[in-house]
A.B. asks: 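Below: one structure in structure tokens.
Since we're looking at a predicted model, the values are computed, not measured.
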Amino acid sequence: MSLLFPKWTNVLPTVFAVAALGGAATAIGGFWYYATPKFWRVGYMPTQPGGGFSHQIHVGKLGMDCRYCHTNVEKSYEANIPNVSTCYGCHSDGKLAKLNSTPSHKEKTQFIRDAYSKDASIDWIRVHKVPDYVHNFPHHVHVNAGISCYSCHGRIDTMPIVHHVESLSMSWCLDCHRAPENHVVPKDKIYDLAFVQEELKARREGSPMTPAATAVLDAIQKAPPENCGACHY
Ligand code: HEC
Ligand code: HEC
Ligand code: HEC
Ligand code: HEC
Ligand code: HEC
């Protein structure tokens, strides 16, 4: 944690307050825009507890929808992590009995039944986190504006272990806020990460936006914010 929140960040609220007062904003913002270490978090992939959780198996192979587990992404600031009972629904002794008769499968999923029987939670290690001085990251606003999980988390459906794909730096936020047309997709495609990857690649190579995507972009009421107060105290 000391790496994420070095002591000097304690002065940041003051910096924001001063910046909010006027012209300093552009200068400071400009400095930090270029000073932000763009790629230092990319690749971060902590080892998860027990047998872990493979999005590649559950989403890529079994075809599960993100919202089966991350039930709040369209409704709330926080994208929630599912609790043990969601896993237990399939990994109880009774269910998937055939799979559980395979010793290696039974062993890899035993941590789920252990946690469930103790009424404990699984201590998943958090991968994506913006610093505390960024007070406002609303998942629901982004998803409802036609931004796919792909744009910010990459091809989760192909990952045996989740890792960090984008930097989540301030310049990364602002790059999209200044040009959301590079990311907006039709709403029924948001969870189809393979489709979104292809669609956005084609757009970068010069294909026009599809009418369905243009309609979503046009429906965004407020331009994505660039003022400091929108994201900082
Ligand atoms: C069967 C349940 C399940 C489904 C379906 C699922 N996830 Fe997850 N997801 C989890 C669990 C459990 C974790 C926490 C463990 C981990 O990070 O691997 C997680 C973690 C994540 C994380 C990292 C969270 C962090 O700590 O920063 C992201 C991003 C994510 N999921 C995105 C997705 C996307 C996108 C989809 C659909 C393509 C999806 N998930 C489908 C259960 C699920
Ligand atoms: C809808 C049913 C379903 C849900 C919900 C579900 N799983 Fe699974 N899971 C499966 C199936 C089926 C397999 C075996 C897939 C295969 O091997 O092809 C599996 C395999 C696994 C494995 C073994 C992976 C390996 O490498 O062989 C682990 C560990 C696991 N799941 C953990 C979890 C966790 C943790 C959760 C809750 C976040 C969860 N599962 C939720 C159906 C589910
Ligand atoms: C515009 C970028 C963006 C989009 C789109 C996005 N996320 Fe995130 N996600 C983030 C950021 C930034 C964080 C860290 C947030 C924080 O620290 O409060 C995060 C964190 C998460 C977490 C970890 C939450 C926790 O409490 O551990 C999960 C799970 C997650 N996202 C899933 C998803 C899923 C599923 C989708 C698609 C429906 C999605 N995200 C779309 C940027 C995004
Ligand atoms: C891939 C594109 C994209 C990325 C990356 C992105 N945003 Fe956004 N953001 C948008 C769009 C589009 C809107 C406008 C949504 C609307 O008003 O309907 C928006 C709106 C917002 C809003 C205003 C919410 C409101 O209630 O009006 C905040 C705050 C915000 N983003 C914070 C962030 C932060 C912090 C990050 C970086 C961690 C980030 N965004 C990264 C596309 C993005
Ligand atoms: C769209 C959201 C957003 C807006 C608008 C925004 N910031 Fe940030 N800012 C962030 C995020 C996210 C971080 C964290 C970057 C990281 O963790 O690498 C950050 C970090 C910072 C930092 C810490 C140093 C650094 O770069 O890591 C300073 C200072 C800062 N911002 C100043 C400003 C000022 C001044 C403005 C107004 C000109 C502003 N920010 C506008 C999202 C935003």
A.B. asks: Look at the side-chain heavy atoms of Ile, Leu, Val, Met, Phe, Trp and Tyr, link any pair under 4.5 Å apart, and say whether Tyr133 and Phe137 land in one connected group.
C.D. replies: no
A.B. asks: Out of curiosity, does Leu168 fall in the hydrophobic cluster containing Ile81 (side-chain heavy atoms, cut-off under 4.5 Å, transitive links)?
C.D. replies: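 No: no chain of side-chain contacts under 4.5 Å links Ile81 to Leu168.
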A.B. asks: I need the minimum non-hydrogen distance between Met159 and His153, along with the two atoms involved.
C.D. replies: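 Nearest heavy atoms, Met159 then His153: CE-O, 3.6 Å.
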A.B. asks: Tabulate below the donor-acceptor pairs under 3.5 Å that side-chain atoms of residues 119-126 make, not counting sequence neighbours, or state none.
C.D. replies:
unit_1 : atom_1 : unit_2 : atom_2 : d
Arg126 : NE     : His128 : O      : 2.8
Arg126 : NH2    : His128 : O      : 3.4

A.B. asks: Please report the C-alpha distance between Glu74 and Arg67 in whole Å, then the side-chain angles of each, then the deciding distance to 0.1 Å, and finally whether the salt bridge (Lys or Arg N to Asp or Glu O under 4.0 Å) criterion is met.
C.D. replies: CA-CA 9 Å; Glu74 292 173 346; Arg67 289 164 290 183; 3.2 Å; yes
A.B. asks: Taking all non-hydrogen atoms of both residues, which atom of Val185 and which atom of Ser148 are closest, and how far apart?
C.D. replies: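 Of all heavy-atom pairs spanning Val185 and Ser148, the closest is CG2-CB, 4.2 Å.
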A.B. asks: Tell me the closest heavy-atom pair linking His177 and Pro224, and the distance in Å.
C.D. replies: CG-CB, 3.5 Å
A.B. asks: With rounding to the nearest 0.5 Å, note down the distance linking CE in Met64 to CD1 in Ile57.
C.D. replies: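 Answer for the CE-CD1 pair, Met64 versus Ile57, is 12.0 Å.
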A.B. asks: Is a donor from one side chain sitting under 3.5 angstrom from an acceptor on the other, for Arg113 and Thr109?
C.D. replies: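 Yes.
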A.B. asks: Would Ile147 and Ile190 show up in the same hydrophobic cluster when neighbours are defined by side-chain heavy atoms closer than 4.5 Å?
C.D. replies: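 No, because Ile147 and Ile190 fall into different hydrophobic clusters, even though each may have its own neighbours under 4.5 Å.
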A.B. asks: With under 30° as parallel and over 60° as perpendicular, where do the rings of His58 and Phe53 fit, or are they tilted in between?
C.D. replies: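 Parallel, since the angle between the ring planes stays under 30°.
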A.B. asks: What closest approach, in Å, do His135 and Ala230 show between heavy atoms, and which atom pair accounts for it?
C.D. replies: NE2-O, 3.7 Å
A.B. asks: Show your working on ring pair (Phe, Tyr, Trp, His ring centres under 6.0 Å) between His140 and Tyr77 and close with a plain yes or no.
C.D. replies: CA-CA 6 Å; His140 58 323; Tyr77 280 75; 4.8 Å; yes
A.B. asks: Any link between Val165 and Val143 through a network of hydrophobic side chains (Ile, Leu, Val, Met, Phe, Trp, Tyr) touching at under 4.5 Å?
C.D. replies: yes
A.B. asks: Count I, L, V, M, F, W, Y as connected when their side-chain heavy atoms are under 4.5 Å apart, and connections chain through other members. Are Leu200 and Ile156 then in the same cluster?
C.D. replies: yes
A.B. asks: Going by heavy atoms in the side chains, are His232 and Met170 under 4.5 Å from each other?
C.D. replies: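 Side-chain contact under 4.5 Å: yes.
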A.B. asks: Look up atom CD in Glu198 and atom OG in Ser207, then write down how far apart they are to the nearest 0.5 Å.
C.D. replies: 10.5 Å
A.B. asks: We want to know whether Ser171 and Ser169 form a side-chain donor-acceptor pair, criterion being a heavy-atom distance below 3.5 angstrom.
C.D. replies: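 A donor-acceptor contact under 3.5 Å links the two side chains.
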A.B. asks: Sorted by first residue and then second, give each ring pair (Phe, Tyr, Trp, His ring centres under 6.0 Å) pair with at least one member in residues 195-223; sequence neighbours left out.
C.D. replies: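 As it turns out, there is no ring pair (Phe, Tyr, Trp, His ring centres under 6.0 Å) pair with a partner in residues 195-223 once direct neighbours are skipped.
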A.B. asks: Taking side-chain hydrogen bond (donor to acceptor under 3.5 Å, both in side chains) as the definition, give me every residue that meets it alongside Asp157, ordered by chain and number, with sequence neighbours left out.
C.D. replies: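 If we apply the side-chain hydrogen bond (donor to acceptor under 3.5 Å, both in side chains) test to Asp157, skipping adjacent residues, the hits are Arg155.
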A.B. asks: Quick one: closest heavy-atom pair of Arg203 and Ala213, and the distance?
C.D. replies: NH2-CB, 3.6 Å
A.B. asks: Over all heavy atoms of both residues, which pair between His183 and Ser151 is shortest? Give the atoms and the distance, please.
C.D. replies: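 Answer, listing the atom of His183 first, then Ser151: ND1-OG, 2.8 Å.
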A.B. asks: Is Arg178 salt-bridged to Glu226, cutoff N-O under 4.0 Å?
C.D. replies: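 Salt bridge flag = yes for Glu226 with Arg178.
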